[in-house]
Amino acid sequence: MPDAYDDVEGGDQTEVIKAETVVDGVNLVEQEELSVVQLPTAKTAFEKLQSDRKTLPVYPYREELLRAINDHQILIIVGETGSGKTTQIPQYLHEAGYTSRGRKIGCTQPRRVAAMSIAARVSQEMGVKLGHEVGYSIRFEDYGMLLREFLGEPDLASYSVLMVDEAHERTLSTDILFGLVKDIARFRPDLKLLISSATLDAEKFSDYFDSAPIFKIPGRRFPVEIHYTKAPEADYLDAAIVTALQIHVTHPPGDGDILIFLTGQEEIEIAEETLKHKTRGLGSKIAELIICPIYANLPTELQGKIFEPTPEGARKVVLATNIAETSLTIDGIKYVIDPGFVKMKSYNPRTGMESLLVTPISKASANQRAGRSGRTGPGKCFRLYTAYNYYNDLDDNTVPEIQRTNMANVVLSLKSLGINDLLNFDFMDPPPSEALLKALELLYALSALNKQGELTKVGRRMAEFPLDPMLSKMIVASEKYQCSDEAISIAAMLSIGNSIFYRPKDKQVHADNARSNFHMGNVGDHLALLKVYNSWKDTNFSTQWCYENYIQVRSMKRARDIRGQLEGLLERVEIEKTSNPNDLDAIKKAITSGFFPHSAKLQKNGSYRTVKHPQTVQIHPSSGLAQVLIPRWVVYHELVLTSKEYMRQVTQIKPEWLVEIAPHYYQLKDVEDHLVSKN
DNA sequence: TTAAGTTCA
């Protein structure tokens with residue numbers, strides 16, 4: 001494991017239990033000092049692991065916890081990071097006999113890296129080889145994750161215990177899991193359920209799981225002092241920079257590094273410029289300040305900088321998105337500056353439009369951010385909002401993921417599990433019924449569901465693919481057009497999102513030129529993506545080629561992995577692998593078979609109008625079709641709202657294809673007047 | 001006259 005990632009809980013740090021109390025914006029830190037554990041040196045590595053296990057905060061609660069699990073079918077476990085709950089509880093259960101007769105203990109994680117590292121740690125502690133007694137299951141390794149395991153074993157018969165970890169993160173997957181496992185627990189009284197969460201939502205989880213008891217385990221961390229501003233900062237970006245500079249000039253550089261949480265790439269770039277400018281103004285009067293930007297789409301070779309040790313006499317300022325909240329751990333951070341905002345995706349089921357909104361963070365996030373300063377010593381967190389906001393506002397603004405995403409894929413998965421009555425599914429926080437209806441409508445249009453809302457043969461094949469239903473449909477339909485090979489490449493490229501083309505600020509013209517090469521001689525972004533993939537494949541997956549063409553290697557590797565998986569799934573649903581590279585119309589018909597619900601036609605004023613749910617939209621400026629061609633009819637992958645309403649990933653089509661491919665959805669009259677006369 | 005956070009399958 002690179003140490004860039006979250007340590008497995010229960011790493012051997014010095015431990016301090018902390019409790020924080022805030023009075024009128026002044027922070028008090030109460031701490032209960034524990035002694036540092038001294039270990040005899042003569043022990044073997046394995047013995048040391050065993051004695052380390054006994055120093056974890058969860059250890060004194062072992063018997064009490066096992067008793068509680070024995071006495072109750074469902075238990076809510078509250079424990080901070082560092083309590084050891086994730087690595088220890090499954091082992092306690094194993095030692096107590098819950099794995100006898102070949103039964104399994106499951107523990108779910110929201111992130112794959114965490115799943116891998118926790119499994120590695122537990123197998124080490126048990127002295128067994130990873131993949132035998134202890135294993136993990138993520139995409140590309142093993143065949144899936146728990147949600148997909150339900151497909152083969154809907155009652156989870158081989159499990160004696162299931163622990164849903166990090167439940168407070170409220171991801172789409174954990175929320176669906178809640179509904180499924182609550183249902184299973186009813187007819188499997190022998191199955192134990194553990195829901196593990198940070199303190200904040202414990203009561204809510206308990207209420208949802210029929211008043212399940214709450215079991216508390218104290219965490220351990222270095223103390224973190226929290227400071228609030230007296231009034232919320234109007235210009236938080238400027239306030240964050242000023243705070244960072246103040247820390248820098250008033251404390252010696254060897255004292256610790258600074259981490260600032262910002263909302264995105266653009267903001268990080270502005271902050272970087274401003275910081276450079278201001279430190280230049282201060283000249284040699286201050287110690288060197290090394291500025292390290294970090295966000296998910298930053299090319300790998302530029303990411304390395306944050307993990308290099310800070311040179312003597314200098315200080316690092318890390319400018320990060322929320323990637324540094326859970327996915328990345330940076331050592332040496334002593335100061336965290338938290339403006340309290342995050343960009344969140346929001347989906348409007350009425351328009352089908354996605355946008356990113358800057359919203360206040362949740363309390364769980366605020367605590368997680370603050371904790372990033374207390375990993376290797378006592379830390380300080382400067383919140384650019386008031387204690388009043390923290391205590392009263394933050395959670396009110398937090399909406400679970402399930403309420404702001406496109407539900408089409410979830411609905412298809414649940415249908416394939418045999419859950420038909422979705423409007424009455426026991427969601428902890430139900431998605432808007434409009435979103436469910438919209439999803440059902442789409443699946444019906446794609447012929448994945450029949451009029452009774454039951455899964456069709458097409459739908460059953462589609463459900464095998466871990467993709468958005470329109471992409472799955474494109475693949476299933478590609479059988480007919482003899483181009484499944486092209487379809488899976490396009491699906492893989494589309495499913496990695498918008499991080500394929502690299503466009504550095506200082507080389508925008510070069511990057512745009514490189515990109516336009518992939519659009520030559522064809523008429524759409526889907527085919528351009530196919531061309532990118534195939535060109536890369538022709539160079540034997542060359543990294544150099546990626547650099548020369550302003551393509552992100554990391555994204556391409558992901559596309560290759562996903563494509564590999566899709567290839568396997570083609571076999572499983574018995575679609576023959578066929579290639580038809582020169583018949584562009586055939587490929588475009590396969591695309592249209594998936595994306596026909598997303599059709600739009602040109603208007604006289606140059607904008608487009610979506611056909612089925614009419615609204616005025618534009619071709620996204622990143623599209624190869626934006627400048628060159630002005631196609632009359634297009635299908636698009638998605639609608640996004642940024643400064644305008646845009647179609648992203650657009651392909652030119654012939655309107656008669658719509659009637660030919662989806663006669664139940666389009667009539668001739670929908671497409672006859674190729675040019676619309678008025679708005 | 002212009003470009004989106006981070007996860008996961």
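Reminder, nothing fancy here: chain letters follow the sequence lines and each chain counts from 1.
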message = Taking salt bridge (charged side-chain N to carboxylate O under 4.0 Å, His left out) as the cut-off, I'd like each qualifying pair that reaches into residues 485-494 of chain A, sequence neighbours left out, listed once.
response = A:Asp485-A:Arg563, A:Asp485-A:Lys577
Tell me: [atom1] of [X] to [atom2] of [N], nearest whole Å?
| X | N | atom1 | atom2 | value |
| --- | --- | --- | --- | --- |
| A:Glu645 | B:dA3 | CD | P | 13 Å |
| A:Lys343 | B:dT7 | NZ | C1' | 17 Å |
| A:Ile268 | B:dT6 | CD1 | P | 8 Å |
| A:Arg648 | B:dT2 | CZ | P | 17 Å |
| A:Tyr347 | B:dT7 | OH | P | 23 Å |
| A:Arg111 | B:dA9 | CZ | P | 12 Å |
| A:Leu569 | B:dA9 | CG | P | 13 Å |
| A:Leu298 | B:dG5 | CG | P | 12 Å |

key: salt_bridge(A:Lys85, A:Asp165) N-O dist < 4.0 Å   = yes
task = Give a yes or no on whether a salt bridge exists between A:Glu301 and A:Arg554, defined as a side-chain N under 4.0 angstrom from a carboxylate O.
result = no
Taking only residues two or more places apart in sequence, or in another chain, which ones meet [X] in a side chain to side chain contact (heavy atoms under 4.5 Å, CB included)?
| X | result |
| --- | --- |
| A:Asp155 | A:Glu153, A:Ala157, A:Phe187, A:Arg188 |
| A:Gln508 | A:Arg503, A:Lys505 |
| A:Asn549 | A:Phe518, A:Trp545, A:Ile551 |
| A:Ala119 | A:Leu130, A:Val134, A:Tyr136 |

ask   = Between residues 501-511 of chain A and DNA chain B, which residues have a heavy-atom gap below 4.0 Å?
value = A:Arg503
Just N and O in the side chain of [X]: are any of them under 4.0 Å from OP1 or OP2 of [N]?
| X | N | answer |
| --- | --- | --- |
| A:Thr171 | B:dT7 | no |
| A:Thr263 | B:dG5 | no |
| A:Ser622 | B:dT2 | no |
| A:Thr321 | B:dT6 | yes |

Answer with base, sugar-phosphate or nothing: what part of the nucleic acid does [X] contact at a heavy-atom distance below 4.0 Å?
| X | answer |
| --- | --- |
| A:Lys345 | base |
| A:Ser643 | sugar-phosphate |
| A:Gln265 | sugar-phosphate |
| A:Arg404 | base |

Checking contacts here: which listed nucleotide ([options]) is nearest the side-chain heavy atoms of [X]?
| X | options | answer |
| --- | --- | --- |
| A:Ser327 | B:dG5, B:dA9, B:dT6 | B:dT6 |
| A:Ile323 | B:dT7, B:dG5, B:dT2 | B:dT7 |
| A:Tyr295 | B:dG5, B:dC8, B:dT6 | B:dT6 |
| A:Gln565 | B:dA9, B:dA3, B:dG5 | B:dA9 |

note = Note: for A:Leu639 and A:Ser495 on DNA chain B, the residue whose nearest nucleotide lies more 5' is A:Leu639
remark   = DNA chain B nearest-nucleotide lookup for A:Asn322 and A:Leu467: closer to the 5′ end is A:Asn322
query = Any idea how A:Phe427 and A:Phe425 line up, ring-wise: parallel (<30°), tilted (30 to 60°), or perpendicular (>60°)?
reply = perpendicular
